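A quick note: this is a predicted structure, and the numbers were derived from the prediction, not measured.
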Amino acid sequence: MAEHRFTTRVSAAILVSVVLVGCTSTGTLGFVSKPGADPGSVLIHPHSYRELGPAEGRACRYFLLAIIPFGNSAFSTAVDNALRGSGGDALLNVTT
């Protein structure tokens with residue numbers, strides 16, 4: 001009976017670990033513009049800007065049965081989601 005409990009606990013721990021562990025990457029970027037915008041023209045032609053405050057955007061991809069992907073995890077989707085609420089056109093000092 002004790003062996004069965006141990007096996008159940010170990011199996012549960014492995015299952016929880018697999019569910020909670022995902023692929024992540026972190027980094028920082030100085031400037032990110034809206035997808036479809038020309039970042040070169042924004043950087044070359046000086047113009048004033050107004051800080052709108054912090055923004056957060058998310059883009060996720062999920063896997064059904066660890067095989068079938070669904071969702072859009074593109075970086076441009078996360079940028080669009082971050083800018084949608086503020087009406088801004090670029091992000092400064094971005095942390096991913």
Exercise for review: May I ask you to list the residues sharing a hydrophobic cluster with Ile67, side-chain cutoff 4.5 Å, ordered by chain and number?
Suggested key: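 Joined to Ile67, directly or through intermediates: Tyr62, Leu64, Leu65, Ile68, Phe70.
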Would you name the heavy atoms of [X] and [Y] that are closest together and state the gap between them?
X	Y	result
Ala78	Ala59	N-CB, 3.8 Å
Ala55	Ala82	CB-O, 3.5 Å
Leu83	Ala90	CD2-O, 3.7 Å

Check your understanding: Does Arg9 have any salt bridge (Lys or Arg N to Asp or Glu O under 4.0 Å) partners at least two apart in sequence or in another chain, and if so, which?
Key ->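 Not a single residue meets the salt bridge (Lys or Arg N to Asp or Glu O under 4.0 Å) criterion with Arg9.
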